[in-house]
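Read the numbers this way: they start at 1 and go in the same order the structure lists the ligands and their atoms. Note that the numbering runs from 1 along the sequence shown for the chain.
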Amino acid sequence: MTYFKELSLPQELLENLSSLGFEQMTPIQQASLPSILEQKDIIAKAKTGSGKTLAFSLPLILNLKAKQQNPQALIIAPTRELCEQIAGELKRLARYKSDVKVITLYGGTSLTAQVASLEKGADILVGTPGRLLDHFSRETIELKAIKTLVLDEADRMLDMGFSEDILKIVSNLPKQRQSLLFSATYPENISTLSAKVLKNPVTIKLQEEEQPLAIEERAYKVENKDKALLSTLQSFQPDLALVFCNTKVKTNEVADMLHEKGFDVAILSGDLEQYERQEMLLQFSNGSLPVLVATDVASRGLDIDGIDIVINYDFPQKPETYTHRIGRTGRADAKGLAVSLCNDYEVRKIEEIRGSLNVEEITTLRPNKNFVIQGEVSTLSIDGGKKKKLRAGDILGTLCKDIGIDPKDIGKINVLETHSYVAINKNVIKKAFNGLKNGKIKKRKFRVWWL
Ligand code: ADP
Ligand code: MG
């Protein structure tokens, strides 16, 4: 079966699918939909972008009963972005049914607002483990009518340490239910999770050629790590560099050191508030602060293109961490470089963490001592985003037409829920800042910060 219309689906649903441009099933949909529609539990592995969301969303919407008091389906996903993405897909698919209510529940936004919308009733809950558990322990969600449970990106949730939270939530679900687990990879601990959550699951694994990561890995034996880090940056001269440390304290020290040497540095550690984290990441990805020093905890789920080099200032303590870290570079078919700076102790640990990795002398590098990495742009933050119906085009228009900034001096514009960020060439940023501060966007006044 390759077409949706070959499945026995209601005509309205098929029409909606085709209006969304979905006629032919993707391989994971072909492999999983028949079993899911038969109410079987499944565990499915398929790579990112293969259409897993629709595979679980479609049967779930099909099974919804109208006008129920309590939520009927629960989807657990690792991040707020993913929750929003899934909710969006669910709503599009459910267009043909009247009144399907989907609520997203994740941290970093007000609990009270979420409680208020929960009180109005919901059919489908999409949330992150932590926030769902919060609601559950406050008794602000009712799980007794859940018929379908979905764990999306289970590997990432395990990676982020959500295993216990997930199990706590699942232990409070009705035993009679369908459970679906989706994952891009199968780390070892996934079988423990699936054994506790799924009942006689059908296992679906899509055959796919393993693409070797285009990452060159190097390790250097070093005595002074600060000097070695500078040498590394000054030899490879990346545009965008990510430096990992094992502790928050080290992260701060290394960032300070680079900053003193004239590098434009962002920092990401568990100490930061959600909004600070977001602003750091934005400034890194838009090139305002092109060196990011981070701990592992803070960098979970980091998905930024164009990172030329990942540097292990501290060597990671587990193989998964090593793989996770170096996987931040070499994305989207670009070649990446991973460099580990190892003291004597760490050199001895390499074997255990990474198998054979040739250790070179740091003195083989040829650094240019005058080289620093600085952003050509800086970032302005505007206190309006999607919620205020602001679009990138509105900001661009104001900057170019009203303030007279040349479009070539304007970099990435990111419009988030409540704030927007725009990268502007440092040469004209003062003009842009004053223009936005004193002027209007879409005839409205906004507050502006120069980050
Ligand atoms: P995954 O979760 O496997 O990483 P997604 O579910 O996010 O992937 O799907 C990736 C993209 O493919 C989405 O934009 C989705 O709308 C689209 N897509 C899903 N199924 C189909 C289909 N049958 N035909 C065309 N596009 C599809
Ligand atoms: Mg997905």
Nearest protein heavy-atom contact for [atom]: which residue, which atom, what distance?
atom                    : value
atom 8 (O) of ligand 1  : Gly51 N, 3.2 Å
atom 19 (C) of ligand 1 : Gln29 NE2, 3.6 Å
atom 4 (O) of ligand 1  : Gly49 N, 2.5 Å
atom 5 (P) of ligand 1  : Thr53 OG1, 3.5 Å
atom 27 (C) of ligand 1 : Phe22 CE2, 3.4 Å

Residue part near ligand 1, for Gln24, under 4.0 Å between non-hydrogen atoms: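 Near ligand 1, Gln24 shows its backbone, while the atoms from C-beta on stay back.
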Residue portion contacting ligand 1 (non-hydrogen atoms closer than 4.0 Å) for Phe182: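 Looking at Phe182 and ligand 1, no heavy atom falls under 4.0 Å.
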Heavy atom of Ala46, distance to ligand 1 below 4.0 Å: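 Contact absent.
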Glu89 near ligand 1 by a heavy-atom separation under 4.0 Å: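 Yes, that is the case, since the closest heavy atom of the residue is under 4.0 Å from the ligand.
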Donor-acceptor under 3.5 Å (Gln30 side chain, Met25 main chain):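 Pair found, side chain donor or acceptor close to backbone of Met25.
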Expected output: side-chain Gln29 to main-chain Gly51 donor-acceptor under 3.5 Å: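 Indeed, once roles are kept as given, a pair shorter than 3.5 Å links the two residues.
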Protein non-hydrogen atom below 4.0 angstrom of atom 24 (N) of ligand 1 present: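 So atom 24 (N) of ligand 1 has protein heavy-atom neighbours under 4.0 Å.
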Distance flag for atom 13 (C) of ligand 1, protein heavy atom under 4.0 Å: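 Protein heavy atom within 4.0 Å of atom 13 (C) of ligand 1: absent.
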Under 3.5 Å side-chain donor-acceptor pair for Arg277 and Tyr275: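 The answer is no; no qualifying pair exists.
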Between Glu84 and Tyr106: side-chain donor-acceptor atoms closer than 3.5 Å: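 A pair is found: one side chain offers a donor N or O, the other an acceptor, under 3.5 Å apart.
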Interatomic spacing from CG in Leu62 to CG in Leu33 - rounded to 0.5 Å: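 Answer rounded to 0.5 Å: 10.0 Å.
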Contact atoms of ligand 1, heavy-atom distance to Phe4 under 4.0 Å: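 Near Phe4, meaning under 4.0 Å from one of its heavy atoms, ligand 1 has 23 (N).
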Crowding at CZ, Arg444 (>12 non-hydrogen neighbours, <6.0 Å):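 Buried by this count: over 12 neighbours within 6.0 Å.
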SB check Lys97 Glu12 (cutoff 4.0 Å):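 No.
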Aromatic ring proximity Phe182/Phe56, centre distance under 6.0 Å: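 Yes: the rings meet the under 6.0 Å criterion.
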